[in-house]
Protein chains: 2
Amino acid sequence: MTTAETPESPRRTQADRRARTRSALLEAAARGLSEYGYANLVLERVASEAGYTRGALYHLFANKEDLALAVVKWVEETWNAEVRHLADAAPDPVAALIALARGHAVYCRREVARVMLTLRVEFTGQSHPVGRAISDIGEEFIAHCAALISAGRSSGAIPAGPPPQETAHAYLGVVEAVGIHLAGQAPYDTELAERAVRGLLGLPPADQDGQAGG
Amino acid sequence: MTTAETPESPRRTQADRRARTRSALLEAAARGLSEYGYANLVLERVASEAGYTRGALYHLFANKEDLALAVVKWVEETWNAEVRHLADAAPDPVAALIALARGHAVYCRREVARVMLTLRVEFTGQSHPVGRAISDIGEEFIAHCAALISAGRSSGAIPAGPPPQETAHAYLGVVEAVGIHLAGQAPYDTELAERAVRGLLGLPPADQDGQAGG
DNA sequence: CAGCTCACATACACGCATGTCTGTATGTTA
DNA sequence: TAACATACAGACATGCGTGTATGTGAGCTG
């Protein structure tokens, strides 16, 4: 079944070629989307940066919209793999919300993190399928955060404040903004993300060493 | 010189016609830019929503870029008129930074506030004149905020933290994000903006009544 | 009121990006 | 190895949006 794995050899099985090409195109598209947005994204440049032509792109993806949707899905999956589990592993809602903020700041050190913000800004208010996909992901994230905020308030760990839904909206905006504006400015990105989130939730500033649970 | 002011009459002086048409086009362009962004902005729609055709638009503005630059300038002027003086009137740096955050949240209740965010996201990383204009305004704002942060830290009103420049970057992002994500959700927009900013600066939560200087 | 200028509309030309179609080389199967 | 399927390149056709050039009516000036 399996042939010898010689990574640099062009002679591979077709399924492998297909997957490899798809990944290359997806990554180039993600970079392009985060840099230029959807409307300004030129498919010939995407294919070219991936080492192919538009022929390959249209062979792997139905059209520009399909490509963008695939990128969104890919980014969402990598985000879930790298960030979401941090919240699930946290012992309580406050720790989860702070871990999420810090984890997202770390995630934003890769440029592809800009994709979600770029596309959301571009498609907010439209009824475009890509905008819908982005919006759905955001709504799910907000619902998750709102539940964490409610739980934290019920247990007394988070003081009272604006409704959980509004607070969660602000939380998403703040976490994303800090991540984007300070992308790569370690360690200030995580530090400032935690600070902003603590303030949003009405929590007092952390100690100087500042590591939650440390 | 001055003729009788009959606002509903179409018979006006040419300079007045010109100014009136320019304002209408500018406002339509601002709405269009905040909704669709620059690349997706169709000039025929702009002119149409203002009650004119592209002929009028190209008579008043050199090209699409010139129109966008005029919109940016117009938004900046209204922002300075409505928000900036709040900071100048504040008695100390902390009050200025909080007043700026609350004032911007109020300003964001108008939809045109989205213009700056939309264009910054769209042009970040490009070398487009519109992007440069937006970037310049943002840099000036950040420098202003960084100075306020430094002053507040020197006087002991703001505790130590990440460098003023990075903190100011985060401040801009946070204030803008809260304003956009909670546009019109009064009174939570101003409340959450202040909370986020206090957290960013390392200040403890305000009291429940929370009105700075109230 | 005659001639000029301005505000604006309509019609045309061009470029650019998407999507499709056809051709070719590389894998796969009998 | 012959016949077929797949991965990809290149050329073509179309639509859409900007910018320009021309035309028309309303205001200004002698």
Side-chain angles (χ1 to χ4, degrees), chain A residues 1-6 8-26 28-29 32-33 35-71 122 126 128-130, chain B residues 1-6 9-26 28-29 32-33 36-71 122 126 128-130:
Chain A
M1 291 290 183
T2 59
T3 61
E5 296 187 4
T6 52
E8 70 280 354
S9 168
R11 297 297 181 90
R12 312 280 291 173
T13 173
Q14 298 211 56
D16 188 37
R17 278 182 70 186
R18 187 183 182 90
R20 211 167 280 261
T21 304
R22 188 182 153 93
S23 288
L25 289 170
L26 228 41
L33 282 175
E35 190 170 354
Y36 303 107
Y38 183 82
N40 284 322
L41 184 73
V42 179
L43 297 188
E44 185 165 335
R45 290 180 64 94
V46 172
S48 171
E49 283 189 24
Y52 298 91
T53 67
R54 281 171 52 247
L57 200 155
Y58 275 95
H59 182 64
L60 272 299
F61 302 94
N63 47 33
K64 188 176 182 176
E65 180 183 312
D66 184 40
L67 173 67
L69 287 171
V71 168
E122 185 166 0
Q126 262 83 336
H128 195 280
V130 176
Chain B
M1 292 292 182
T2 60
T3 61
E5 296 186 5
T6 51
S9 167
R11 299 297 183 88
R12 311 277 292 175
T13 172
Q14 297 210 59
D16 187 38
R17 280 180 69 186
R18 186 183 182 89
R20 210 168 281 260
T21 304
R22 187 183 154 92
S23 287
L25 289 170
L26 228 41
L33 282 175
Y36 302 107
Y38 184 82
N40 283 323
L41 184 73
V42 180
L43 297 187
E44 184 165 335
R45 289 180 66 95
V46 172
S48 170
E49 284 189 24
Y52 299 89
T53 68
R54 280 171 53 245
L57 201 156
Y58 275 96
H59 182 63
L60 272 298
F61 301 94
N63 47 32
K64 189 177 183 178
E65 180 183 311
D66 183 40
L67 173 66
L69 288 172
V71 169
E122 185 167 359
Q126 262 81 340
H128 195 280
V130 175

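So that the names make sense, note that chain A is the first sequence line, chain B the second, and so on, each numbered from 1. Heavy atoms only: backbone and side chains are in, while hydrogens, waters and symmetry mates are out.
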Can you find a side chain N or O atom of T21(A) that sits less than 4.0 Å from OP1 or OP2 on dC8(D)? yes
Report the distance from atom CG of L41(A) to atom P of dA17(C), rounded to the nearest whole Å. 11 Å
Spell out, as yes or no, whether a donor-acceptor pair under 3.5 Å connects the side chain of E122(A) to the backbone of A39(A). yes
Between dG19(D), dA9(C), dG19(C), spot the one nearest the side chain of K64(B), thanks. dG19(D)
Between dA7(D), dG10(D), dA11(C), which nucleotide has the shortest distance from any of its atoms to the side chain of T53(A)? dG10(D)
Write down the distance between CZ (R22(B)) and C1' (dC8(C)), rounded to a whole number of angstrom. 16 Å
Measuring from the side chain of R54(A) (C-beta onward, heavy atoms only), which nucleotide among dA7(D), dA9(C), dG19(C) has the closest atom? dG19(C)
Look at all strands and tell whether L57(A) reaches a base, only sugar-phosphate, or nothing, counting heavy atoms closer than 4.0 Å. nothing
Separation of dG15(C) atom P from N40(A) atom CG, nearest Å, is 20 Å
Measure the distance from CZ on R45(B) to P on dC16(D) and round it to the nearest whole Å. 13 Å
Without decimals, in angstroms, what is the distance between F61(A) CZ and dT18(C) P? 15 Å
So L25(B), base contact, sugar-phosphate only, or nothing? Heavy-atom distance under 4.0 Å. nothing
Using heavy-atom distances to pick each residue's nearest nucleotide on DNA chain C, tell me which of R18(B) and E44(A) is more 5'. R18(B)
Roughly, in whole Å, what's the span from CG in L43(B) to C1' in dA9(C)? 16 Å
Proximal nucleotide (of dA9(D), dC8(C), dT18(D)) relative to the L60(B) side chain: dC8(C)
Distance check needed: dC8(C) P versus D16(B) CG, whole Å only. 11 Å
Between P on dG17(D) and OH on Y36(B), what's the gap in Å once rounded to a whole number? 12 Å
Could you please name the option among dA9(C), dG19(C), dT20(D) that lies closest to any side-chain atom of Y58(B)? dT20(D)
Side-chain donor-acceptor pairs under 3.5 Å in residues 47-70 of chain A, sequence neighbours left out?
residue : atom : partner : partner atom : Å
Y52(A)  : OH   : T21(A)  : OG1          : 3.1
T53(A)  : OG1  : G55(A)  : N            : 3.3
N63(A)  : OD1  : E65(A)  : N            : 3.4
N63(A)  : OD1  : D66(A)  : N            : 2.9
K64(A)  : NZ   : Y38(A)  : O            : 2.9
K64(A)  : NZ   : L41(A)  : O            : 3.0
D66(A)  : OD2  : A62(A)  : N            : 3.0

Checking contacts here: which listed nucleotide (dT20(C), dG19(D), dC8(C)) is nearest the side-chain heavy atoms of H59(B)? dC8(C)
Spacing of CG belonging to N40(B) relative to CZ belonging to R45(B), to within rounding of 0.5 Å: 10.5 Å
